[in-house]
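What follows is a short report on a single structure.
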Amino acid sequence: MTLRIAIPNKGRLSESTLDLLDKAGIKVEVGHERRLFAKALGDRFTILFVRAADIPEFVEEGVADVGVTGYDLVRETGRDVEEVMDLRFGSCRLSVAVPAESKWTRAADLPDGTRVATSFPRLTSEFFAKLGKKVHVVEVSGAAEATPHIGVADAIVDLVSSGGTLTINHLREADVILASTARMIANRTALADARGAEIRQLAFALESVVAARGRRYLMANVPRARLDEVRRILPGISGPTVMDLLDNRDMVAAHAVVDEKSLYETVNALKRVGATGILVLPIERLVG
Ligand code: AMP
């Protein structure tokens with residue numbers, strides 16, 4: 001049986017998706033020119049390269065069994081697919097933005113009749129309907145941030161990550177409609193039949209890569225007499241692994257998985273209790 005996986009052929013999610021599959025042991029031969037599809041792990045997987053925005057539809061219709069795309073697109077298309085997993089990359093938010101000099105601070109301040117340009121008409125209409133506002137949604141296929149300046153719209157709804165694009169275009173974020181990250185989605189029928197087991201195995205593999213992100217493997221030789229302190233410094237998953245050293249009774253080897261964010265402090269703290277030979281290694285996968 002071959003599982004068909006739809007992934008973005010270009011754009012912001014494309015490289016990270018290929019990297020994720022690669023780390024999970026699924027090497028996709030991309031070649032120089034992006035192809036429409038490729039095989040991976042022999043006949044086990046067929047990778048379909050398609051537009052991120054089309055992936056919810058392709059997965060719902062069964063053109064692909066699973067797909068990777070943004071949560072914003074899953075919600076905007078309203079397609080009936082199973083959300084299998086948050087892949088925790090491609091973070092952004094769908095926000096309402098207004099001209100920087102405008103008197104409006106929140107979306108609730110916008111008067112009825114406001115023209116809102118967006119490539120997310122469905123989520124935008126839903127959002128303003130919930131606020132009880134009768135706005136006029138102007139559908140654009142991209143570059144919504146330019147529309148207030150050319151008199152096409154009074155406000156926009158668009159994806160924001162750093163906020164840099166809004167600033168450059170003299171816009172100010174007024175409200176967040178939705179927070180988004182990349183998701184693994186699956187076709188409901190495929191999940192329920194013989195393909196289900198293969199989909200769950202794939203999810204498990206991707207989960208282990210996602211769990212390893214931001215984590216490092218740390219090894220150090222530490223004084224046996226100070227193990228209590230070492231345990232406090234190195235939380236690990238279930239405490240550090242401690243091993244005897246062959247020729248040194250006073251020191252032991254301590255290994256642990258540590259958070260990248262606390263790495264700097266952890267290494268300093270270990271030095272303070274007399275650790276030597278500190279090694280920090282990358283982790284590709286973490287199977288819980
Ligand atoms: P693309 O338009 O093909 O680059 O891909 C768009 C998808 O990337 C969106 O639907 C989001 O899920 C995700 N994304 C992450 N950050 C951003 C951002 N700052 N702007 C637009 N899309 C983003």
Side-chain angles (χ1 to χ4, degrees), residues 5-22 28 30 33-38 47-60 63-64 66-98 100 107 116-127 137-149 153 155-186 206 209-210 213-214:
I5 311 175
I7 68 170
N9 58 353
K10 54 183 165 60
R12 284 187 166 86
L13 303 179
S14 165
E15 284 309 313
S16 308
T17 304
L18 283 171
D19 182 58
L20 172 71
L21 292 175
D22 189 65
V28 182
V30 179
E33 256 169 62
R34 277 286 155 89
R35 283 174 286 167
L36 291 177
F37 64 91
I47 313 292
L48 308 170
F49 299 102
V50 288
R51 285 179 57 230
D54 291 335
I55 291 177
E57 176 184 347
F58 289 171
V59 171
E60 185 194 54
V63 175
V66 299
V68 172
T69 192
Y71 180 61
D72 50 298
L73 297 169
V74 176
R75 290 287 309 278
E76 175 62 23
T77 56
R79 293 290 176 165
D80 182 29
V81 293
E82 178 79 20
E83 278 172 43
V84 181
M85 197 195 331
D86 185 347
L87 300 169
R88 307 217 297 257
F89 63 86
S91 316
C92 58
R93 50 197 191 272
L94 185 68
S95 291
V96 181
V98 295
V116 184
T118 187
S119 43
F120 292 83
R122 181 193 176 103
L123 292 173
T124 301
S125 303
E126 270 177 26
F127 175 76
V137 176
V138 181
E139 193 172 341
V140 294
S141 57
E145 66 275 7
T147 56
H149 304 289
I156 69 163
V157 166
D158 207 359
L159 293 174
V160 180
S161 43
S162 68
T165 308
L166 291 185
T167 310
I168 292 169
N169 288 285
H170 304 290
L171 296 167
R172 172 163 42 81
E173 203 171 347
D175 254 303
V176 176
I177 296 182
L178 177 96
S180 177
T181 47
R183 304 289 158 104
M184 172 181 168
I185 56 174
L206 300 188
V209 179
V210 173
R213 240 182 251 144

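We use all heavy atoms of the structure for the numbers below, so side chains are in, but hydrogens, waters and symmetry mates are not. Atoms within each ligand, like the ligands themselves, are counted from 1 in listed order. Residue numbers start at 1 and run along the sequence shown.
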Is the closest heavy atom of S14 to ligand 1 under 4.0 Å?
-> no

Take every heavy atom of P8, measure it against each atom of ligand 1, and state whether any distance is under 4.0 Å.
-> no

Show the numbers, then the answer: is there a side-chain contact (heavy atoms from CB on, under 4.5 Å) between V209 and L21?
-> CA-CA 9 Å; V209 179; L21 292 175; over 6 Å; no

Option passing side chain to side chain contact (heavy atoms under 4.5 Å, CB included) with L94 (candidates L159, V160, V176) | L159

Reference residue M184; test side chain to side chain contact (heavy atoms under 4.5 Å, CB included); the match among D86, I5, V210, V66 | V66

For G70, the atoms of ligand 1 under 4.0 Å from one of its heavy atoms are 12 (O)

Any idea which atoms of ligand 1 are less than 4.0 Å away from a heavy-atom of S91?
-> 16 (N)

V137 vs T118, side-chain contact (heavy atoms from CB on, under 4.5 Å): CA-CA, chis, key distance, verdict = CA-CA 7 Å; V137 176; T118 187; 3.8 Å; yes

So, are E83 and R183 salt-bridged, with charged N and O less than 4.0 Å apart?
-> yes

After noting the C-alpha distance and the side-chain angles of F49 and L36, does the key distance pass the side-chain contact (heavy atoms from CB on, under 4.5 Å) rule?
-> CA-CA 5 Å; F49 299 102; L36 291 177; 5.9 Å; no

What residue and heavy atom of the protein are closest to [atom], and at what distance?
atom                    : result
atom 14 (N) of ligand 1 : C92 SG, 3.6 Å
atom 12 (O) of ligand 1 : D72 OD1, 2.6 Å
atom 8 (O) of ligand 1  : L13 CG, 3.5 Å
atom 17 (C) of ligand 1 : R12 CD, 3.3 Å

Around atom NE2 of H149, are there more than 12 heavy atoms of other residues, nucleotides or ligands at under 6.0 Å?
-> yes

Option with minimal heavy-atom separation from atom 19 (N) of ligand 1, where the choices are G11, S161, G90, G164 | S161

Distance below 4.0 Å between atom 10 (O) of ligand 1 and any protein heavy atom?
-> yes

Scan the protein's non-hydrogen atoms and note whether one is under 4.0 Å from atom 23 (C) of ligand 1.
-> yes

Taking heavy atoms and a distance under 4.0 Å, where does K10 meet ligand 1: side chain, backbone, both or neither?
-> backbone

E173 and S95: side-chain hydrogen bond (donor to acceptor under 3.5 Å, both in side chains), yes or no, with the steps?
-> CA-CA 7 Å; E173 203 171 347; S95 291; 2.6 Å; yes

